[in-house]
Structure formats: C-alpha cells, structure tokens
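On a predicted model such as this, the values are computed, not experimentally measured, just so you know. Numbers here are sequence positions counted from 1. Just the heavy atoms: all of them, side chains too, but no hydrogens, waters or symmetry mates, feed the values below.
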Amino acid sequence: MSIDLYGWLECRPKPGHYGTGDVPWEPFSELRHLYWARDYMSWSALFDVRSVEPVKALFPDRAAPVDISDTARRDADVFEGHSHSWFSWRELSAVDWNAPCTDGPSRYWVRRWSRAPEGSLVPEGLAALPDELYDSAAATFGEGNIAPSRWPADGELLLGDEVYRPVSPAYRDLVPADGPWQPVWNVMGTLSELHGEDNVRLLVWFGG
C-alpha cells in the first residue's frame with residue numbers, strides 16, 4: 001500500500017525583530033507546495049520510512065515538537081498520520097552527505113553505470129537490481145549470493161550497455177542535491193539567512 005508525505009515548513013523571526021519576548025513558530029508553507037514526490041529512497045535516508053533494508057536514518061520518528069504552530073498541529077491532527085518528525089536548517093546543514101548510510105554494501109541497491117559511445121562508463125546513480133539479472137547473479141556468484149551485498153567487491157553484471165556493481169550508498173545517493181528536495185532546501189536556506197539557522201524547520205508526517 002502506498003503512503004504519502006505531509007508537512008509544514010515553519011519559521012520564527014530572529015529574536016529582536018519583534019520585541020524581546022519569546023517568539024512563537026509560524027507556519028510558512030505547506031510541504032506540498034514545494035515537494036510532491038513519492039520518493040521512498042529519500043524517505044528511508046531521512047526518516048526511516050519505507051526502508052527496504054537497514055539504513056541509518058538522519059531524523060527518524062522524532063515526534064512533533066511541543067511548540068508546533070497551531071496551523072501545523074491542526075493539519076497533523078486531521079490527517080492522523082504516523083512517523084512524525086522534524087529537523088532544523090542547522091541540523092540539515094550539518095549533515096555529511098558523503099557519509100555511508102548503511103553498515104556495508106547494500107543488499108538491495110546497486111550502482112548503475114552506462115557505457116558511453118567511446119567505451120567509458122558513466123555513473124547513473126542507484127537502482128534496484130533488475131529482475132532480468134537475478135538468474136545471472138545466481139549463475140555468476142552462486143545461488144546464495146544473489147543480493148548485491150553478497151557479491152565480491154569487484155563483482156559486476158551486464159545488461160545491454162549498462163553495468164551494475166555493488167555499492168555502499170551515501171546519503172547523497174538517496175537524497176541527491178538536484179533531486180525533488182531541492183526546492184525545500186532552497187527555501188529553508190533563504191529563510192535561515194533572514195532569521196537564523198535555528199529558526200527554520202520542517203515538520204513531516206506520513207499517511208495513506
């Protein structure tokens with residue numbers, strides 16, 4: 001069964017802009033205005049939702065913050081979602097996107113390469129092992145070693161002009177900089193320049 005991602009981008013003015021007291025969080029934009037993908041790979045890396053294998057998620061199931069804005073709270077209550085979480089722009093900015101997000105080679109994802117006309121290999125990102133290659137994997141690496149995590153480090157399979165190799169994915173592989181999250185990061189970054197890295201955050205939850 002498919003699920004969808006919901007949420008709000010919240011902001012609060014930098015202290016001193018509107019008095020000296022505590023400034024409440026304000027709703028800035030529904031997430032759906034900036035992000036509309038059903039991207040299970042990024043959800044697994046960010047929130048440990050719809051993971052197909054153990055991934056060291058960055059912000060898993062943190063629950064909604066206690067000082068959530070009234071607008072976002074009403075939405076979260078109406079949707080009756082699950083796996084509520086959130087993160088600030090400061091936390092997101094501190095992520096090492098090149099760090100591995102699994103404890104070893106992936107058992108599900110492989111690195112896909114395409115062969116250019118001159119013969120060189122061009123990386124094409126991550127992919128699930130194509131169904132057409134399961135028999136080839138069994139024949140090449142043994143019946144018990146079909147999962148890419150069981151292949152030798154230099155193992156690879158060919159399918160037409162494409163080459164598939166085992167990979168220890170990094171967070172950037174699952175959440176590419178130019179992927180569907182880019183508009184969200186752009187807006188959060190702009191708001192953080194105006195109000196501070198701790199005063200911009202994204203709240204999310206999941207539902208059917």
- Item | Inter- and intrachain pairs under ring-ring contact (aromatic ring centres under 6.0 Å, His included), touching residues 112-135, at least two apart | none
- Query: Quick one: are Thr71 and Trp8 in side-chain contact, heavy atoms under 4.5 Å?
  - Reply: yes
- Query: Can you pull the salt bridge (charged side-chain N to carboxylate O under 4.0 Å, His left out) pairs that have at least one residue in residues 90-108, sequence neighbours excluded?
  - Reply: Lys56-Asp103, Arg62-Glu91, Arg90-Glu197, Arg90-Asp198
- Message: Regarding Glu53 and Thr102, do their side chains bring together a donor and an acceptor under 3.5 Å, going by distance alone?
- Response: no
- Provide the closest heavy-atom pair for Glu132 versus Ser136 in the form atom of the first, atom of the second, distance. O-OG, 4.4 Å
- Task: Sequence neighbours left out, what passes side chain to side chain donor-acceptor pair (under 3.5 Å) with Ser149? Give chain and number order.
- Result: none
- Between Pro105 and Ser168, which heavy-atom pair has the shortest distance, and what is it? N-OG, 3.3 Å
- Linking I/L/V/M/F/W/Y whenever their side-chain heavy atoms sit closer than 4.5 Å, directly or via other members, would Leu31 and Leu46 fall into one cluster? yes
With a 3.5 Å cut-off and sequence neighbours excluded, list the donor-acceptor pairs that the side chains of residues 115-127 form with protein atoms.
residue, atom, partner, partner atom, Å
Arg115, NH1, Gly119, O, 2.9
Glu118, OE2, Ser120, OG, 2.7
Glu124, OE2, Ser114, OG, 3.4

- Query: Heavy-atom distance under 4.5 Å between the side chains of Ser106 and Pro148, does that happen here?
  - Reply: no
- Would Leu9 and Ile68 show up in the same hydrophobic cluster when neighbours are defined by side-chain heavy atoms closer than 4.5 Å? no
- Residues in side-chain contact (heavy atoms from CB on, under 4.5 Å) with Ala94, at least two apart? none
- Item | side chain to side chain donor-acceptor pair (under 3.5 Å) against Arg38, all qualifying residues, sequence neighbours excluded | Asp4
- Would you please test Asp75 and Glu30 for side chain to side chain contact (heavy atoms under 4.5 Å, CB included) and show each step? CA-CA 10 Å; Asp75 256 11; Glu30 278 190 85; 3.6 Å; yes
- With a 3.5 Å cut-off and no angle check, do the side chains of Glu26 and Ser69 form a donor-acceptor pair? no
- Looking at side-chain heavy atoms only, is the closest gap between Trp97 and Leu92 below 4.5 Å? yes
- Task: Is it possible for you to say whether Val204 and Phe87 belong to one hydrophobic cluster, with membership spreading through side-chain heavy-atom contacts below 4.5 Å?
- Result: yes
- Applying ring-ring contact (aromatic ring centres under 6.0 Å, His included) to Phe47 and not counting sequence neighbours gives Phe206
- Item | Interatomic spacing from CG in Leu159 to CZ in Arg112 - rounded to 0.5 Å | 10.5 Å
- Query: Taking all atoms of both residues into account, what is the closest heavy-atom pair of Ala72 and Glu10, and its distance?
  - Reply: CB-OE2, 3.6 Å
- Is the number of heavy atoms from other residues, nucleotides or ligands within 6.0 Å of CZ (Phe28) greater than 12? no
- Task: Group every Ile, Leu, Val, Met, Phe, Trp and Tyr by side-chain heavy-atom contacts under 4.5 Å, then state whether Trp89 and Leu34 land in the same group.
- Result: yes
- Task: Mind jotting down which residue pairs meet the ring-ring contact (aromatic ring centres under 6.0 Å, His included) criterion with at least one end in residues 147-172? Sequence neighbours excluded, please.
- Result: Phe141-Trp151
- Item | Within-4.5 Å side-chain heavy-atom neighbours: Arg165 and Leu157 | no
- Is there side-chain contact between Val49 and Ile3, with at least one heavy-atom pair below 4.5 Å? yes
- Item | Heavy-atom side-chain contact between Trp109 and Asp173 under 4.5 Å | no
- In terms of hydrophobic clustering (I, L, V, M, F, W, Y; side-chain heavy atoms under 4.5 Å; direct or indirect links), are Val167 and Ile146 co-clustered? no
- Query: Does atom CG of Asp77 have more than 12 heavy-atom neighbours from other groups under 6.0 Å away?
  - Reply: yes
Could you list the donor-acceptor pairs under 3.5 angstrom formed between side-chain atoms of residues 174-189 and any protein atom two or more places apart in sequence or on another chain?
residue, atom, partner, partner atom, Å
Trp181, NE1, Ser42, OG, 3.0
Asn186, ND2, Gln182, O, 3.4

- Note on the structure: Nearest heavy-atom approach of Ser44 to Val55 is O-CG1, 3.8 Å
- Item | Set of side-chain contact (heavy atoms from CB on, under 4.5 Å) partners for Ala57, sequence neighbours left out | Asp48, Pro60
- Does any non-hydrogen side-chain atom of His84 lie less than 4.5 Å from one of Asp61? no
- Message: Please enumerate all residues that pass salt bridge (charged side-chain N to carboxylate O under 4.0 Å, His left out) together with Asp67, with sequence neighbours excluded.
- Response: Arg201
- Task: Please write out which residues are connected to Trp36 in a hydrophobic cluster, directly or through intermediates, given that two of Ile, Leu, Val, Met, Phe, Trp, Tyr count as joined at side-chain heavy-atom separations below 4.5 angstrom.
- Result: none
- Non-hydrogen side-chain atoms of Leu203 and Pro65 separated by less than 4.5 Å: yes
